[in-house]
Chemist: 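My questions all concern the structure below.
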Amino acid sequence: MKIFPTCLFAPDGQEADIERRVTSGGVALSGDEDVIASDGGGRVFYEIADPYLDEPETALAYRAVSAYLDGGVRAIIVPFCDARHQPTSGLGSVPHSDDTPFGDEGEYSTQDGAGTVASAALLRATTIVINLIDLPRAPVGGEWLSIDHPAMRWRAYRIAEIIAQSPTQVTLSIRPPLREAITVGQAVDFASPRCTMRLDPNTPMRSPTMMGFADGGAFRFVEDFTGSYA
């Protein structure tokens, strides 16, 4: 699958969250109100505002991606470009084993923020156990993690609660529930959370030109469940 180049467009505003559908059972005489979730755990959405399109090459890339998405018919993997709020120290450089770089003085890029599944969990589970392989800091709650599932592909889960923690392992409560069962050893990505999504057809990726510069408005992605991710 193709990946949406979120960071290329350097949006001024962005929001990744979970939208829920709840139904009220009515207000009792005491003033209490019962609220029932009717959405199976909600769905992830990602909103982008004011992408930077001043460079012609960036504007053309934006318009090409917009065309590729076919108004929300085609799914794409959307990274949440928000490393500031993730347990990662960002990209680092690593030379060859003999400490030499490439001929152009460049080095390999590496990134921390990795984990693996420590205990298998079933579809729709909301508690998972993760081995902390390479995290600069332990998660505290509120962060996102992503898992590349065999069928449902990349899915994003927000940490709702730290249930138990040791220097090498953490038990997490996550939302939304698992979109697919997980097995021991599966990779967990804290560094670059991402989700398989589609463009919300109510918010098209428009890019009108003003004074010779392309101007992008706000648009949003919603989690995709079509299941066709070849």
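Position 1 is the first residue of the sequence; numbering continues from there.
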Chemist: Under a single-linkage definition using a 4.5 Å side-chain heavy-atom cutoff for Ile, Leu, Val, Met, Phe, Trp and Tyr, are Ile48 and Val222 assigned to the same hydrophobic cluster?
Modeler: no
Chemist: Surrounding CZ of Phe213 (heavy atoms of other residues, nucleotides or ligands, distance under 6.0 Å), is the total greater than 12?
Modeler: no
Chemist: Going hydrophobic residue to hydrophobic residue with side-chain gaps under 4.5 angstrom, can you get from Leu8 over to Met205?
Modeler: yes
Chemist: Report the residues that fulfil side-chain hydrogen bond (donor to acceptor under 3.5 Å, both in side chains) with Thr226, sequence neighbours left out, ordered by chain and then residue number.
Modeler: Asp224
Chemist: With the 4.5 Å side-chain cut-off for hydrophobic clustering, are Ile18 and Phe45 part of the same group?
Modeler: no
Chemist: To the closest 0.5 Å, what do you measure between CD1 (Ile77) and CD1 (Ile3)?
Modeler: 5.0 Å
Chemist: Mind checking what makes side-chain hydrogen bond (donor to acceptor under 3.5 Å, both in side chains) contact with Ser207, not counting sequence neighbours?
Modeler: Arg63
Chemist: Going by ring-ring contact (aromatic ring centres under 6.0 Å, His included), name the residues that satisfy it together with Trp144, two or more places apart in sequence or in a different chain.
Modeler: Phe80
Chemist: In terms of side-chain geometry, is the basic nitrogen of Arg137 or Glu143 positioned less than 4.0 Å from the acidic oxygen of its partner?
Modeler: yes
Chemist: Name all pairs fulfilling the salt bridge (Lys or Arg N to Asp or Glu O under 4.0 Å) condition that reach into residues 149-158, sequence neighbours left out, sorted by first residue then second.
Modeler: Asp17-Arg158, Asp148-Arg153, Arg155-Glu223
Chemist: With sequence neighbours left out, write down each residue that passes side chain to side chain contact (heavy atoms under 4.5 Å, CB included) with Gln169, or none if nothing qualifies.
Modeler: Ala118, Val129, Asn131, Ser166
Chemist: Pairs of donor and acceptor atoms involving the side chains of residues 54-61, under 3.5 Å and at least two apart or interchain, shall be tabulated with distances.
Modeler:
none

Chemist: Identify, with sequence neighbours excluded, every residue that meets side-chain hydrogen bond (donor to acceptor under 3.5 Å, both in side chains) alongside Ser173.
Modeler: Arg175
Chemist: Only counting residues at least two apart or in another chain, list the ones meeting ring-ring contact (aromatic ring centres under 6.0 Å, His included) with Phe4.
Modeler: Phe9, Phe221
Chemist: Would you say Phe225 and Met197 are hydrophobically clustered, going by side-chain heavy atoms of ILVMFWY under 4.5 Å?
Modeler: no
Chemist: Establish whether Leu53 and Val65 are linked, either directly or via other cluster members, by ILVMFWY side-chain heavy-atom contacts under 4.5 Å.
Modeler: yes
Chemist: Do any pairs count as a side chain to side chain donor-acceptor pair (under 3.5 Å) and have a residue in residues 69-78, sequence neighbours left out, and if so which ones?
Modeler: none
Chemist: Other members of the hydrophobic cluster containing Val170, with the 4.5 Å side-chain heavy-atom rule, please.
Modeler: Val117, Ile128, Ile130, Leu132, Leu135, Leu145, Ile147, Tyr157, Ile159, Ile162, Leu172, Ile174, Leu178, Ile182, Val188, Phe190
Chemist: Please report the shortest heavy-atom distance between Ser146 and Pro193, naming the atom on each side.
Modeler: OG-CA, 3.2 Å
Chemist: Please collect all disulfide (SG to SG under 2.5 Å) contacts where either partner lies in residues 44-83, sequence neighbours excluded, each pair once.
Modeler: Cys7-Cys81
Chemist: Taking all non-hydrogen atoms of both residues, which atom of Pro51 and which atom of Gly217 are closest, and how far apart?
Modeler: CD-O, 3.6 Å
Chemist: Could you give all pairs that pass the salt bridge (Lys or Arg N to Asp or Glu O under 4.0 Å) test and reach residues 199-211, with sequence neighbours left out?
Modeler: Asp200-Arg220
Chemist: Check Pro204 against Phe219 and note the closest heavy-atom contact, atom names and distance.
Modeler: O-CB, 4.0 Å
Chemist: Is the closest side-chain heavy-atom distance between Ile76 and Leu69 below 4.5 Å?
Modeler: yes
